[in-house]
Amino acid sequence: SWGNSIEFNEAADRMGVDVMRWLYCAQKPENNLLFGYNRADEKRRQFLLPLWNVYNFFVSYANLDGWEPSRAGFTPGNPEGAPPAGENALDRWIVARLNQVVAEVTTFLENSDAYSATASIEPLLDDLTNWYVRRSRRRFWKSEHDADKNAAYATLYFVLVRLAKLLAPMTPFVTEAIYQNLVRSVQPDAHESVHHCDWPVAAMETVDNELLAQMDLARRVASVGLGARGSANIKVRQPLAKALAYVADGRAELSPELADVVRDELNVKELEFVADEAALVTYRVVPDGRQLGPRFGPRFPRVRSALTAATAEPADAAAIVRRVRAGAHVELVIDGETESITPEEIIVHTQPTE
């Protein structure tokens, strides 16, 4: 079995070197680096520790379950793995994200742009820790060793090994510790060091853009829904009947599997997309005094009154908001004359319904 990742004291001691290397890589070269212990500690907490924690999560549960890479086809003839072909949407999504980032980082480093490479990798690590692992924890926790659990292990193993290779030029010591434990300790025929491995090649056939867009929508709906719960002081453990969501741009549609993920994340029985934002918010439409004040002078209060009267009914307010957002002018009758108000001269405030 693998060694316990907590025992890698040498890697932990040398993490400070990797923190400094990442700190410099993540700095725009044309700007001065404002160095300080707080800045370095921030990078350690934001990047190196989450990387180490997800690696430790995998090793801890793999040891408990006796999981080995050979179960997923990682053999001496193929010691470093190929993209798992799982059915779970989360597995396919994180592999797609990984290969998407591999392609981006390859291009950036070929152009000596370490800053953009770090800016591409950091969101991937956040995706891995704060969404994939968090949403997959029950798959690792369950007692039965079924195909779904094996797919979760195989996917996380593949992602960690490939991510170690991707990070090796920038954080050589932590990635070497990860590689030695995940690969060399169980497959002696593998390369002796992560720094002897070939640079990872992006498997673009795994990059499902539709799945990436769907997962992005699912995460945004979940985030806004959790925010709505927090604003209403309703804890997540309290089940609710329905969540309503409005999507301004793109497709307001989720696959049944991802809809289940959102329902579970929000602890609601139903998820429904509405066609009109006005079903979820009320509008307060006011004139921009800084622009219309000089234009109308003493008549400005009558402009404000006319706009208030025109938006007194929710349906009328929604109609004017649609015109403003479409870039159309709003016609108001002021002192018997029709005045044209531009979209830039109108401010729209939205208030969530209860």
Side-chain angles (χ1 to χ4, degrees), residues 50 54 86-97 100 123-142 148-149 151-152 155-156 208-285 311 313-322 324-326 348-354:
V54 69
E87 296 181 0
N88 187 285
L90 284 166
D91 294 344
R92 291 185 287 109
W93 168 75
I94 195 62
V95 170
R97 279 287 291 127
Q100 185 183 48
L124 171 65
L125 183 62
D126 181 71
D127 290 345
L128 180 64
T129 57
N130 291 327
W131 189 251
Y132 177 77
V133 170
R134 189 169 63 78
R135 289 302 318 167
S136 299
R137 281 180 299 188
R138 294 174 190 168
R139 302 167 67 196
F140 294 97
W141 290 345
K142 60 185 178 181
D148 182 59
K149 187 172 188 176
T155 300
L156 187 51
D208 184 341
N209 291 317
E210 174 67 16
L211 176 60
L212 292 173
Q214 285 261 297
M215 193 67 76
D216 178 65
L217 175 59
R219 293 186 71 182
R220 286 188 290 132
V221 171
S223 176
V224 174
L226 292 173
R229 272 186 171 274
S231 299
N233 198 27
I234 301 174
K235 297 188 181 300
V236 178
R237 64 173 177 266
Q238 178 181 338
L240 295 175
K242 182 183 292 187
L244 302 175
Y246 168 75
V247 179
D249 300 309
R251 288 171 51 191
E253 180 183 350
L254 287 176
S255 68
E257 186 177 2
L258 294 187
D260 286 342
V261 170
V262 175
R263 283 193 291 267
D264 183 68
E265 183 78 1
L266 296 179
N267 195 11
V268 296
K269 299 183 186 305
E270 294 182 46
L271 172 65
E272 179 182 329
F273 289 98
V274 299
D276 189 354
E277 182 190 32
L280 302 180
V281 298
T282 56
Y283 300 111
R284 187 167 67 89
V285 185
T311 58
E313 295 296 327
D316 296 333
I320 286 182
V321 169
R322 283 193 292 270
V324 169
R325 291 179 174 171
V348 176
H349 298 285
T350 59
Q351 180 65 37
T353 54
E354 188 170 348

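The residues of the chain are indexed from 1 along the displayed sequence.
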Would you sort out whether Val133 and Phe140 count as a side chain to side chain contact (heavy atoms under 4.5 Å, CB included), showing the intermediate values? CA-CA 9 Å; Val133 170; Phe140 294 97; 5.6 Å; no

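- Taking CG of Leu280 as the reference point, atom OG1 of Thr350 lies at 11.0 Å (rounded to 0.5 Å).
- Annotation for Ala243 and Leu266: closest pair CB-CD1, 4.1 Å, computed over non-hydrogen atoms.
- The two residues Arg92 and Glu257 have their closest heavy-atom pair at NH2-OE1, 4.3 Å.
- Between Glu265 atom CD and Leu271 atom CG the span is 12.5 Å, to the nearest 0.5 Å.
- To the nearest 0.5 Å, atoms CZ (Arg263) and CG (Leu258) are separated by 10.5 Å.
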Take Val261 and Trp131, measure what side chain to side chain contact (heavy atoms under 4.5 Å, CB included) needs, and give me the verdict at the end. CA-CA 11 Å; Val261 170; Trp131 189 251; 3.7 Å; yes

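- Judged by distance alone, the side chain of Ser223 and the main-chain N or O of Arg219 form no donor-acceptor pair under 3.5 Å.
- In this structure, Leu128 and Arg97 have side chains that are not in contact, with every pair of non-hydrogen atoms separated by 4.5 Å or more.
- Atom-to-atom distance recorded for Leu226:CG and Asn267:CG is 10.5 Å, nearest 0.5 angstrom.
- Of all the heavy atoms in Ala96 and Leu212, the pair that sits closest is CB-CD2, 4.1 Å.
- Considering CG of Asp316 and OH of Tyr283, their distance stands at 13.0 Å, rounded to 0.5 Å.
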Distance-only donor-acceptor pairs under 3.5 Å for side chains of residues 230-240, two or more places apart:
from   : atom 1 : to     : atom 2 : distance (Å)
Ser231 : OG     : Gly227 : O      : 3.0

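- Remark: Lys142 NZ is packed, more than 12 non-hydrogen atoms of other residues, nucleotides or ligands lying under 6.0 Å away.
- What you find for Ala218 and Leu254 is that their closest heavy atoms are N-CD2, 4.0 Å.
- Glu210 pairs by the side-chain hydrogen bond (donor to acceptor under 3.5 Å, both in side chains) definition with Arg251, not counting sequence neighbours.
- Here the closest heavy-atom approach between residue Leu90 and residue Ser136 is recorded as CD1-OG, 3.8 Å.
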Residues Glu272, Lys242; criterion side chain to side chain contact (heavy atoms under 4.5 Å, CB included); working and verdict: CA-CA 7 Å; Glu272 179 182 329; Lys242 182 183 292 187; 3.1 Å; yes

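- For the atom pair Asp208 CG and Gln100 CD, the distance stands at 11.0 Å (nearest 0.5 Å).
- In terms of modelled atom types and a separation under 3.5 Å, the side chain of Gln214 and the main chain of Glu253 share a donor-acceptor contact.
- Contact record, Tyr132 with Asp91: OH-OD1, 2.6 Å, taken as the closest heavy-atom pair.
- When side chains are defined from C-beta on, Ile94 does not count as touching Met215, because their heavy atoms never get closer than 4.5 Å.
- Sparse packing is recorded around CZ of Arg138, with 12 or fewer heavy atoms of other residues, nucleotides or ligands lying under 6.0 Å away.
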